[in-house]
Amino acid sequence: MQKPEKPQNGDPRSRPNKAVFIITFGCQMNEADSEDIAASFRRRGYMLTEDIKKADAVVVNTCTVRQRAEDKAISQIGRLRKWKLAKPEGKLFVVGCAAQKLGGKNLKGRFPFVDEVVGAKAIESFEDALVTQLGPTPETETAHQNLFRSPQTAYVTIMRGCSLKCSYCIVPAVRGPAVFLSPAAVLKDAADKIAAGAKEIVLLGQTVNSYKHGQTTFSELLKEVLALPGLERLRFMSPHPLYFEDDFTALLGRERKLARYIHLPVQSGSDRLLKLMRRGYTRSQYLALLSRLRAAAPGLAVSTDFIVGYPGETEEDFQDTLSMVKEGRFTMAYCFKYSPRSDRPEMAATLSEPGIEARLEKLLEAVKINSRVILNERIGKIEEVLFETETYGRASGNFAVRVKAGGEPGKVARVLATGAEKNSLMGKVL
Ligand code: 5AD
Ligand code: SF4
């Protein structure tokens, strides 16, 4: 979530600013939705607050990808009972994936103090919920909407939902099949965010590289966004290994503004599990894709997601996942314990909880060691760094980079990496 800003909207002489507190769980898609929700509130003269006591409205943007995420959202809503008691005129909105899965009736039954429930599928109609609760948007405020500065990195959603059927995943059930935004809508959103100060755009979607709208493919959309004046860097997440075409590889090779960083979830290193998970590729196909991408774009950094403890995971399957860490040369990996989702056919766990925990620990350790090796390999090389402050920025491969001085915020500079510390590269601006 974007840092709260000073009140800029509305005319403070005519009435005091109201405040909204936004809590976001889950992925970047949710973060992007929360930014849009924040913008809707700003158009009504609200400012963002991080102090719940000052909030006149609260939004909980929920996730349900794993049971823990859903549980966290539910207990957060429970805790808001106190706020509502202290401020009965305050409005509480529950939105996102858990809201979609559980439904308004269920949630309002359990938590009668919730004013409005807007599920992930209906998130674009959040504005209607605002109108219901707070009345029509005052005309005068609409004109101010572009006065707000975007964060340096801004998210642009290009698709919603997912049309794949990975066995473990609840997202298609919750968010529905893939729907692509038009190139015109994407370009307008990106251009607005750049005009408002964004330097880096991250295109978002569950299978972002499957983008297809009319004749426009993912690579063509990338080209159009890359042509926007003022853009310094373009990223996207999360792609699926099945959808990288040759025109993308070529583009990655020649476009310096396209980040040399891809987050490419593999989930498992075992062919047997990949098949059970219905991922649509084998271990060697995935590795061949990495080779193809790296051949076109030397130095490409790749991170990934792994699931451990999938039902039926044997020691051999797990060893295949462990060895994948090194072989894939991942800079970083998110590792998740398998979490059974209720609307998936019940799959028996074959490992005890301590057994899964032990595997997770081993995997995390392997990822940590590998990340260190990959980071150290960068020492002595030149990185293109997009600076956020004079001393901090991120390399094209998404590594955090620190320098003593000389960075220009919002601009890319060449930096010689001279060392590594924790998860960052240390360097000198050239
Ligand atoms: N259990 C554990 N991890 C999951 N993910 C998705 N569904 C589940 C689940 N049921 C992980 C995948 C995905 C990431 C966003 O969340 O690794 O890439
Ligand atoms: Fe994002 Fe998936 Fe969570 Fe929904 S369920 S918020 S899509 S991570």
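Just follow the structure's listing: the first ligand is 1, and inside any ligand the first atom is 1.
Of the listed residues (Arg66, His263, His240), the one carrying the non-hydrogen atom nearest atom 16 (O) of ligand 1 is Arg66.
A side-chain N or O of Ser323 and one of Arg283 form a donor-acceptor pair less than 3.5 Å apart. Using modelled atom types and a 3.5 Å distance limit, the side chains of Thr64 and Arg341 yield a donor-acceptor pair.
Ligand 1 has no N or O atom lying under 3.5 Å from any N or O atom of Tyr338, backbone or side chain.
For Asn209, there are no side-chain hydrogen bond (donor to acceptor under 3.5 Å, both in side chains) partners at least two apart in sequence or on another chain.
With ligand atoms numbered from 1 in the order given, ligand 1 contributes 12 (C), 13 (C), 17 (O), 18 (O) to contacts under 4.0 Å with heavy atoms of Gln267. Those atoms of ligand 1 with a heavy atom of Asp305 less than 4.0 angstrom away are 13 (C), 14 (C), 15 (C), 17 (O), 18 (O).
Proximity of Tyr168 to ligand 1, defined as any heavy-atom pair under 4.0 Å, is shared by backbone and side chain alike.
Tested against Phe236 for a ring pair (Phe, Tyr, Trp, His ring centres under 6.0 Å), the candidates Tyr243, Phe218, Tyr261 yield a single pass: Phe218.
Ion pairing between Glu388 and Lys199 fails under the 4.0 Å rule for side-chain N and carboxylate O.
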